[in-house]
Trainee: 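My questions will all concern the structure given below.
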Amino acid sequence: MSVARSDALVLFGATGDLARRKLFPALHALVRSGTLRVPVIGVARSGWSVDEFRRHVSGSLREHGVAAHDAAADTLLSSLRYVDGDYRDDETHRRLRVALQDAQHPLYYLAVPPSLFTSVVDGLEAAGGAAGARVVVEKPFGRDLASAQALNRALHRGFPEDAVFRIDHYLGKEAVQNLLYFRFTNAFLEPVWNRNYVQSIQITMAEEIGVEGRGRFYEEVGALRDVVQNHMLHVLAHLTMEPPAGAGADALRDEKSKVFRSIRPLAADDLVRGQYDGYRAEPGVDPASTVDTFVALRIFLDSWRWADVPIFIRAGKRLAATATEVLVALKRPPQAVFGPAAVSPPNYFRFRLGPDRVAVAIGASTKHAGTSMAGEAIELSVCNDRTPEMTAYERLIGDALTGDPTLFAREDGVEAAWRIVDPVLHLPLAVHPYPAGSWGPPAADAIAAHAGGWHCPVRG
Ligand code: NDP
Ligand code: BG6
């Protein structure tokens with residue numbers, strides 16, 4: 001494995017939306033913590049000078065509350081270089097080689113449209129820039145199984161697997177890592193964490209926002225590719241995987257790949273697709289678009305631990321709340337000892353993964369004071385309102401700079417995850433309209449009906 005620290009960071013897509021909203025604030029935080037001490041080279045085709053690039057980065061930092069004359073901001077701004085040119089032009093890559101000066105182990109960050117990944121990688125390889133380097137590739141990694149496999153082959157022409165960092169920012173979130181920590185550090189959980197006690201698992205990723213100016217991008221992906229094939233399946237893997245056999249990145253990623261391989265590929269009736277009213281009028285969207293902005297699906301995991309436990313995933317834009325939440329519902333006790341009137345809702349574990357308030361909660365029942373054996377449902381909850389020390393991007397870019405692949409997707413895992421959704425990607429499935437501010441189309445109710453319906457996270 002390549003263990004050298006990266007000695008330059010090259011940002012393809014330096015003038016783009018992701019860079020402005022997420023990457024520059026993360027780079028600033030990495031400079032402040034002392035993790036980033038190398039030149040940062042932006043590459044795009046805006047015709048900018050390095051001073052214009054500096055002003056752009058400075059504007060991004062101001063938008064994220066960084067004060068003027070902040071020391072880390074000044075250090076970051078003075079470390080910037082800029083190369084202008086088209087990624088499909090070999091000359092751009094030659095000029096990048098010059099701008100890299102004597103760097104031996106650059107980290108290339110591909111914050112570019114997926115259709116350009118291969119051009120950039122081929123350009124780097126042709127200019128002799130791939131040897132000794134690492135590459136971070138943004139999601140979505142391909143648009144189906146075949147294109148993900150082709151992309152992996154293209155990446156491997158220049159970069160061995162241990163130099164490829166497929167980023168999924170959900171893996172950098174504290175609350176998503178806590179799913180693993182909570183499961184494998186609490187002995188009380190293991191006896192019930194299986195098909196004998198768990199009735200169902202639900203994961204909801206709800207967003208109040210729409211496509212927010214990213215209509216053209218969204219038309220190419222839809223909800224299933226944008227957040228389910230990656231973010232939601234990683235959350236599911238953390239909930240259902242076996243403990244890793246030892247330390248190290250590959251032990252963890254081996255277990256996650258096993259989960260993806262044991263999930264049954266989706267069939268048409270496992271899925272309901274929806275589209276919010278008004279989506280077709282968004283800039284960049286086809287007025288007759290059938291792209292899904294909402295999906296609800298039922299998944300089965302064919303493993304010894306989870307056989308026959310229904311798993312539900314629901315993700316969508318312009319829904320009634322912004323919240324990502326997991327609900328693991330347990331089966332009821334075998335008998336109603338205190339009579340049918342005293343039967344309480346089943347126990348559950350609830351994990352609030354974001355956006356801000358992160359919580360772990362256990363649903364239980366306790367007795368009311370008095371002579372009758374009657375009670376009420378309560379929730380034992382631990383809430384963490386503190387802002388995480390690091391954003392997900394800060395954590396992941398820091399890991400890529402030092403060459404730690406633990407929180408990045410591996411080739412086999414990405415392909416196994418595509419295999420799950422691949423059968424339904426190209427089917428002409430109906431897309432049901434839903435009003436903004438709702439919980440999606442009523443047709444989605446049927447997916448979770450026999451498990452008691454969907455759990456709707458509360459706002460805020
Ligand atoms: P944008 O369209 O905003 O930015 C694209 C960038 O690529 C711009 O800097 C653009 O430069 C550059 N570019 C495009 N074509 C060329 C070319 N032929 N030659 C040189 N430069 C080129 O995209 P985003 O920032 O939104 O997304 C980038 C990646 O990040 C995508 O893979 C996306 O899926 C992923 N992502 C984005 C998220 C987001 O919130 N935006 C969230 C998660 C992932 P110029 O402006 O000079 O043309
Ligand atoms: C991105 C998707 O990967 O994740 C966006 O492309 C989505 O469509 C975003 O809004 C959600 O991330 P978070 O961290 O806000 O839950």
Side-chain angles (χ1 to χ4, degrees), residues 10-26 42-48 52-53 56-57 60 82-93 95-96 109-120 122-123 136-143 151 166-176 203-235 282 284 291-295 315-319 321-325 352-356 358 388 391-393 395-396 457:
V10 178
L11 183 52
F12 288 93
T15 55
D17 177 73
L18 182 69
R20 185 166 188 119
R21 289 194 307 108
K22 302 283 185 186
L23 304 184
F24 297 133
V43 193
R45 55 166 180 191
S46 297
W48 286 356
E52 284 167 301
F53 181 46
H56 177 77
V57 177
S60 155
Y82 182 74
V83 173
D84 199 78
D86 196 295
Y87 302 149
R88 292 160 298 191
D89 180 354
D90 287 345
E91 182 53 28
T92 306
H93 296 278
R95 278 191 277 118
L96 173 60
Y109 195 122
L110 270 52
V112 301
S115 54
L116 284 170
F117 289 163
T118 307
S119 306
V120 176
D122 288 347
V136 176
V137 191
E138 260 299 340
K139 61 158 277 275
F141 191 83
R143 31 178 308 102
L151 190 48
R166 297 174 192 81
I167 199 163
D168 181 315
H169 78 280
Y170 263 60
L171 292 177
K173 288 183 184 250
E174 282 292 334
V176 174
I203 309 172
T204 296
M205 177 184 175
E207 295 181 281
E208 286 164 272
I209 58 168
V211 291
E212 307 293 294
R214 295 173 73 212
R216 201 141 44 93
F217 159 80
Y218 208 81
E219 279 288 278
E220 297 293 314
V221 288
L224 193 59
R225 290 186 178 95
D226 187 34
V227 298
V228 174
Q229 184 274 342
N230 34 65
H231 304 331
M232 294 299 95
L233 288 182
H234 280 294
V235 169
E282 298 269 11
V291 164
D292 44 82
T293 60
F294 170 99
V295 280
K317 294 203 180 277
R318 287 250 188 275
L319 296 186
T322 297
T324 302
E325 199 157 294
R352 175 82 165 205
L353 306 182
D356 301 316
V358 164
T391 65
Y393 277 101
R395 168 70 198 265
L396 294 173

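Order of appearance sets the numbers: ligands from 1, and atoms from 1 within every ligand.
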Trainee: Check each heavy atom of Ser119 against ligand 1 and say whether those closer than 4.0 Å belong to the side chain, the backbone, both or neither.
Mentor: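 Within the 4.0 Å criterion, Ser119 makes no contact with ligand 1.
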Trainee: Atom CD in Glu207, atom CZ in Arg318: separation rounded to 0.5 Å?
Mentor: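 It comes to 10.5 Å.
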Trainee: May I ask you to identify the nearest protein heavy atom to atom 10 (O) of ligand 2, giving residue, atom name and distance to one decimal place in Å?
Mentor: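 Protein heavy atom with the smallest distance to atom 10 (O) of ligand 2: Glu207 OE2, 2.5 Å.
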Trainee: Taking only heavy atoms of Arg214 into account, list the atoms of ligand 2 that are under 4.0 Å away from them.
Mentor: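 Once the distances to Arg214 are compared, the set is 5 (C), 6 (O), 8 (O).
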Trainee: Where the closest heavy atom to atom 24 (P) of ligand 1 is concerned, which of Leu23, Val43, Val112, Leu18 has it?
Mentor: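 Ranked by closest heavy atom to atom 24 (P) of ligand 1, first place is Leu18.
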Trainee: Taking 4.0 angstrom as the limit and counting only heavy atoms of Lys173, give me the atoms of ligand 2 inside it, by number and element.
Mentor: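 Atoms satisfying the 4.0 Å criterion: 13 (P), 14 (O), 16 (O).
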Trainee: Taking Asp168's backbone N and O only, do any of them form a donor-acceptor pair with His231's side chain (distance below 3.5 Å, no angle check)?
Mentor: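 Not a single qualifying donor-acceptor pair exists.
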Trainee: Is there a nitrogen or oxygen of Pro113 sitting under 3.5 Å from a nitrogen or oxygen of ligand 1?
Mentor: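 No; the residue has no nitrogen or oxygen that sits under 3.5 Å from a nitrogen or oxygen of the ligand.
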Trainee: Give the atom numbers and elements of ligand 1 that come within less than 4.0 Å of a heavy atom of Gly16.
Mentor: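 Result: 3 (O), 4 (O), 8 (C), 9 (O), 25 (O).
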Trainee: For the pair Tyr393 and Ile167, evaluate side-chain contact (heavy atoms from CB on, under 4.5 Å) and give the outcome as yes or no after the intermediate values.
Mentor: CA-CA 9 Å; Tyr393 277 101; Ile167 199 163; 4.1 Å; yes
Trainee: Enumerate the atoms of ligand 1 whose separation from the nearest heavy atom of Pro114 is less than 4.0 angstrom.
Mentor: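 Matching atoms, with element in brackets: 32 (O).
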Trainee: Classify the contact between Arg45 and ligand 1 as side chain, backbone, both or neither, using a heavy-atom distance cut-off of under 4.0 Å.
Mentor: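 The answer is both.
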Trainee: Using non-hydrogen atoms of the residue, decide whether Arg214 is closer than 4.0 angstrom to ligand 1.
Mentor: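 For ligand 1, residue contact (heavy atoms, under 4.0 Å) with Arg214 is present.
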Trainee: Any non-hydrogen atom of Trp48 lying under 4.0 Å from ligand 1?
Mentor: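 No, Trp48 has no heavy atoms under 4.0 Å from ligand 1.
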Trainee: Measuring from atom CG of Asp86 to atom NE2 of His93, what distance do you get when rounded to the nearest 0.5 angstrom?
Mentor: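 These two atoms lie 8.5 Å from each other.
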Trainee: Is atom 19 (N) of ligand 1 near the protein, in the sense that some protein heavy atom lies at less than 4.0 Å from it?
Mentor: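 Yes, at least one protein heavy atom sits under 4.0 Å from atom 19 (N) of ligand 1.
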Trainee: I need the atoms of ligand 2 closer than 4.0 Å to a non-hydrogen atom of Lys139, numbered in the order shown.
Mentor: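 Selected atoms, number and element: 1 (C), 2 (C), 3 (O), 6 (O).
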Trainee: Hey, is ligand 1 close enough to Leu116 that some N/O pair sits below 3.5 Å?
Mentor: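 No, there is no polar N/O contact under 3.5 Å.
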Trainee: Going by heavy atoms, is Gly85 under 4.0 Å from ligand 1?
Mentor: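 Distance cut 4.0 Å: Gly85 passes for ligand 1.
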Trainee: Any N or O on Phe217 sitting closer than 3.5 Å to an N or O of ligand 1?
Mentor: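 There is no such contact.
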Trainee: Identify, by atom number and element, the atoms of ligand 1 in contact range of Ser46, meaning under 4.0 Å from any of its heavy atoms.
Mentor: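 Taking each heavy atom of Ser46 in turn, ligand 1 has 45 (P), 46 (O), 47 (O) under 4.0 Å.
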Trainee: Below 4.0 angstrom from a heavy atom of Arg21, which ligand 1 atoms are there? Numbered from 1 as shown, please.
Mentor: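 Under 4.0 Å from Arg21, ligand 1 has these atoms: 39 (C), 40 (O), 41 (N).
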Trainee: Closer than 4.0 angstrom, basic N to acidic O: yes or no for Asp17 and Lys22?
Mentor: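 Judged by the 4.0 Å cut-off on N to carboxylate O distance, Asp17 and Lys22 do not form a salt bridge.
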Trainee: Please report which non-hydrogen protein atom sits nearest to atom 12 (O) of ligand 2, along with the residue it belongs to and the distance in Å to one decimal place.
Mentor: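 Going atom by atom, the protein heavy atom closest to atom 12 (O) of ligand 2 ends up being His169 NE2, 3.2 Å.
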Trainee: Just do the side-chain contact (heavy atoms from CB on, under 4.5 Å) check on Leu151 and Arg166 with the steps written out, would you?
Mentor: CA-CA 11 Å; Leu151 190 48; Arg166 297 174 192 81; over 6 Å; no
Trainee: Is the closest protein non-hydrogen atom to atom 14 (O) of ligand 2 under 4.0 Å?
Mentor: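 Yes, there is a protein heavy atom closer to it than 4.0 Å.
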Trainee: Contact between Ser46 and Tyr82 at the side-chain level, heavy atoms closer than 4.5 Å - yes or no?
Mentor: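 They are in contact (side-chain heavy atoms under 4.5 Å apart), so the answer is yes.
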Trainee: In this structure, does ligand 2 have an atom that sits under 4.0 Å from one of the heavy atoms of Asp226?
Mentor: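 Contact present.
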Trainee: Judged by non-hydrogen atoms, does Glu212 sit under 4.0 Å from ligand 2?
Mentor: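 Per 4.0 Å heavy-atom rule, Glu212 does not contact ligand 2.
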Trainee: For ligand 1 and Tyr393, I'd like to know whether there is a polar contact (N/O to N/O, distance under 3.5 Å).
Mentor: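 Between Tyr393 and ligand 1, no N or O pair is found under 3.5 Å apart.
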Trainee: For Thr15, counting its heavy atoms only, list the atoms of ligand 1 lying under 4.0 Å from any of them.
Mentor: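 Checking each atom against Thr15, I get 8 (C), 9 (O), 10 (C), 11 (O), 45 (P), 46 (O), 47 (O).
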Trainee: Could you pull out all residues at least two apart from Ala321 that satisfy side-chain contact (heavy atoms from CB on, under 4.5 Å)?
Mentor: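 Partners of Ala321 under the side-chain contact (heavy atoms from CB on, under 4.5 Å) test: Trp439, Arg459.
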Trainee: For ligand 2, is Tyr170 a contact, meaning one of its heavy atoms is under 4.0 Å away?
Mentor: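 Yes; Tyr170 lies near enough to ligand 2 that a heavy-atom distance drops under 4.0 Å.
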Trainee: Should the proximity of Arg88 to ligand 1, defined as any heavy atom under 4.0 Å, be assigned to the side chain, the backbone, both, or neither?
Mentor: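 Answer for Arg88: side chain.
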Trainee: Which ligand 2 atoms does Lys317 reach within 4.0 Å, using its non-hydrogen atoms?
Mentor: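 What qualifies from ligand 2 is 5 (C), 7 (C), 8 (O), 10 (O).
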Trainee: Run down the list Val221, Asp17, Asp86 and name the one with the heavy atom closest to atom 26 (O) of ligand 1.
Mentor: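 Heavy atom nearest to atom 26 (O) of ligand 1 belongs to Asp17.
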Trainee: I need the atoms of ligand 2 closer than 4.0 Å to a non-hydrogen atom of Met205, numbered in the order shown.
Mentor: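 So the answer, numbered in order with elements, is 11 (C), 16 (O).
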Trainee: Show which atoms of ligand 1 fall inside a sub-4.0 Å distance from at least one heavy-atom site of Ala14.
Mentor: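 Listed by number with element, the hits are 9 (O).
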